[in-house]
Amino acid sequence: MEVGFLGLGIMGKAISMNLLRHGFKVTVWNRTLSKCDELVEHGASVAESPAAVVKKCKYTIAMLSDPSAALAVVFGKDGILEHISGGKGYIDMSTVDADTSSKIFEAITKKGGRFLEAPVSGSKKPAEDGQLVILTAGEQALYEEVLPALNVIGKKSFYLGQVGNGAKMKLVVNMIMGSMMNAFSEGLVLAGRSGLDPCVLLDVLDLGGIANPMFRLKGPAMIQGSHSPAFPLKHQQKDMRLALALGDETAVSMPVAAAANEAFKKARSMGLGELDFSAVYESVKAIEPPSKIE
Ligand SMILES: NC(=O)C1=CN([C@@H]2O[C@H](COP(=O)(O)OP(=O)(O)OC[C@H]3O[C@@H](n4cnc5c(N)ncnc54)[C@H](OP(=O)(O)O)[C@@H]3O)[C@@H](O)[C@H]2O)C=CC1
Ligand SMILES: O=CC(=O)O
């Protein structure tokens, strides 16, 4: 199967490498073209624009940073709309809001193309290992046609019906994840400031009912102050913002998520946006206790 791939950031690079490893023919494009070089060394072809990719490939997958990037690649100069036609499929894996996804869907179908949104849950390592959870919505026939690729990319794909449902599911999941990361960070700092060993806290958590892979994986590195980016904090804050907007639309009160969003914004203002989202821990730690606690 031949696929196009747009966006070779942390996730796009890992996913397209994985597709190449599994024998897919992959034509890549990235805004910063030099990021294509490593993929070419592993057998990918390069095209000069999103339009050129979609002209060449029946199926094109995109993995871009945010709504404005997702829209730019479709509607911009040399974008997808210039060559999408005649049954070609466009699969957008970027985490965006439902409105963005719907705009893309409408424009593509108007041109005779087909659309599937397919945001993913799981980070850099699951992307490298083909262990993502894929949250698709849109044209079901396209979903079924591209299952061979989805089965390489992920350990499980959900088909959630109409366009927008994949985006919404992803935002709900990441709203929960971002809130958990904040509670975890506060717990680690609270343990340390209370004279407890945060490493022992990790052991206690891991044996109880709230044990989870995120605490297990990120905790030891966080305690070491290491936040090498797997899921950049700026993207987690974007997801909190989009989830809160969904909460506005649906009149769901989310004070916990709102507080978590503020914490991620503060971390961004401290210059931590390019680090892993676990770096929110540094912004919690940065609040010095008064010299004497009354
Ligand atoms: N990292 C993770 O763990 C996960 C991320 N996600 C989501 O996946 C998406 C990608 O994440 P990730 O790979 O980490 O992000 P990165 O920041 O590593 O990569 C972003 C990609 O988007 C491209 N891009 C940004 N702006 C534009 C634009 N205006 N026009 C064209 N291309 C653009 C970048 O190109 P360039 O190289 O030129 O900057 C790059 O290829 C995001 O929506 C994120 O929320 C979902 C699950 C997990
Ligand atoms: O969106 C991030 C993730 O880890 O999932």
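When a ligand or atom number is given, it counts from 1 through the structure's own listing order. Computed from heavy atoms alone, side chains included, the values below leave out hydrogens, waters and symmetry copies.
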| Would you call E117 and K170 a salt bridge, taking side-chain N to carboxylate O under 4.0 Å as the test? | no

| Quick check: does any side chain N or O of Q236 sit under 3.5 Å from a backbone N or O of N174, one acting as donor and the other as acceptor? | yes

| said: In this structure, does ligand 1 have an atom that sits under 4.0 Å from one of the heavy atoms of P119? | reply: no

| Side chain, backbone, both or neither: which part of K35 comes within less than 4.0 Å of ligand 1 when only heavy atoms are counted? | side chain

| field | Any N/O pair L8/ligand 1 closer than 3.5 Å | value | yes

| Does NZ belonging to K13 count more than 12 external heavy atoms closer than 6.0 Å? | no

| For ligand 1, is there an N or O atom under 3.5 Å from any N or O atom of L64? | yes

| A230 neighbourhood, listing ligand 1 atoms whose heavy-atom distance to it stays under 4.0 Å | 1 (N), 2 (C), 3 (O)

| field | Protein contact of atom 17 (O) of ligand 1 - nearest heavy atom, named by residue and atom, plus distance | value | H235 NE2, 2.9 Å

| said: Under a 3.5 Å threshold, yes or no: a donor from one side chain and an acceptor from the other, between S278 and K218? | reply: no

| Near M17 CE, under 6.0 Å, is it more than 12 heavy atoms from other residues, nucleotides or ligands? | yes

| remark: Checking heavy-atom distances from atom 28 (C) of ligand 1 to each of M63, M93, R31, the winner is R31

| For ligand 2, which atoms sit closer than 4.0 Å to a heavy atom of S121? | 5 (O)

| request: Name the closest protein heavy atom to atom 19 (O) of ligand 1, giving the residue it belongs to and the distance to 0.1 Å. | output: G9 CA, 3.3 Å

| query | Would you find a donor on one side and an acceptor on the other, under 3.5 Å apart, between the side chain of N30 and the backbone of L8? | reply | yes

| For ligand 2, which atoms have a heavy atom of F231 less than 4.0 angstrom away? | 1 (O), 2 (C)

| Any idea which atoms of ligand 1 are less than 4.0 Å away from a heavy-atom of V73? | 31 (C)

| said: Under 4.0 Å from a heavy atom of N30: which atoms of ligand 1 are those, numbered in the order shown and with their elements? | reply: 35 (O), 36 (P), 37 (O), 38 (O), 40 (C), 41 (O)

| request: Look only at the side chain of K56 and the backbone of A47, and say whether a donor-acceptor pair between them is shorter than 3.5 Å. | output: no

| Just wondering, do S123 and D276 contact through their side chains at under 4.5 Å, heavy atoms? | no

| note | Atoms of ligand 2 under 4.0 Å from any heavy atom of K170, numbered from 1 in the order shown, are 1 (O), 2 (C), 3 (C), 5 (O)

| Near G7, which atoms of ligand 1 are under 4.0 Å from a heavy atom of that residue? | 41 (O)

| request: Give a yes/no on ligand 2: does M177 have at least one heavy atom closer than 4.0 angstrom to it? | output: yes

| query | Would you say E2 has more than 12 foreign heavy atoms packed within less than 6.0 Å of its CD? | reply | yes

| query | N18 and H22: side-chain donor and acceptor closer than 3.5 Å? | reply | yes

| request: Validate the cation-pi geometry between K156 and F158: distance from NZ or CZ to the six-membered ring centre under 6.0 Å, angle to the ring axis within 45°. | output: yes

| message | Under a 4.0 angstrom heavy-atom cut-off, which atoms of ligand 1 come close to V120? | response | 46 (C), 47 (C)

| task | Classify the contact between L6 and ligand 1 as side chain, backbone, both or neither, using a heavy-atom distance cut-off of under 4.0 Å. | result | neither

| said: Does the plane of the ring in F105 sit parallel, tilted or perpendicular to the ring in F115? Use 30° and 60° as the thresholds. | reply: tilted

| field | Any N/O pair T32/ligand 1 closer than 3.5 Å | value | yes

| message | Please determine whether any non-hydrogen atom of N174 lies less than 4.0 Å from an atom of ligand 2. | response | yes

| said: Quick test: of every protein heavy atom, which one is nearest to atom 18 (O) of ligand 1, and how far off is it to 0.1 Å? | reply: I10 N, 2.9 Å

| Would you say K238 touches ligand 1, if touching means a heavy atom closer than 4.0 Å? | yes

| remark: Among S65, C36, G122, the residue with a heavy atom nearest to atom 47 (C) of ligand 1 is G122

| query | Between K265 and E262, is there a side-chain N and carboxylate O pair less than 4.0 Å apart? | reply | yes

| task | Would you check whether Q236 reaches within less than 4.0 Å of ligand 2, judged by its heavy atoms? | result | no

| note | Looking only at non-hydrogen atoms, the one of A69, S123, S68 nearest atom 3 (O) of ligand 1 is S123

| message | Out of all atoms in ligand 1, which are within 4.0 Å of some heavy atom of P232? Include the element for each. | response | 1 (N), 14 (O)

| message | Do F184 and L205 have side chains that approach each other closer than 4.5 Å (heavy atoms only, starting at C-beta)? | response | yes

| message | If you count every heavy atom of other residues, nucleotides or ligands that lies below 6.0 Å from K124 atom NZ, does the total exceed 12? | response | no

| note | With heavy atoms and a 4.0 Å threshold, my read on which part of M11 contacts ligand 1 is both

| request: For atom 6 (N) of ligand 1, find the nearest protein heavy atom and state the residue, atom name and distance (0.1 Å precision). | output: T95 OG1, 4.0 Å

| request: Sort out for me which residue in L135, T136, I134 forms a side-chain contact (heavy atoms from CB on, under 4.5 Å) with Y159. | output: T136

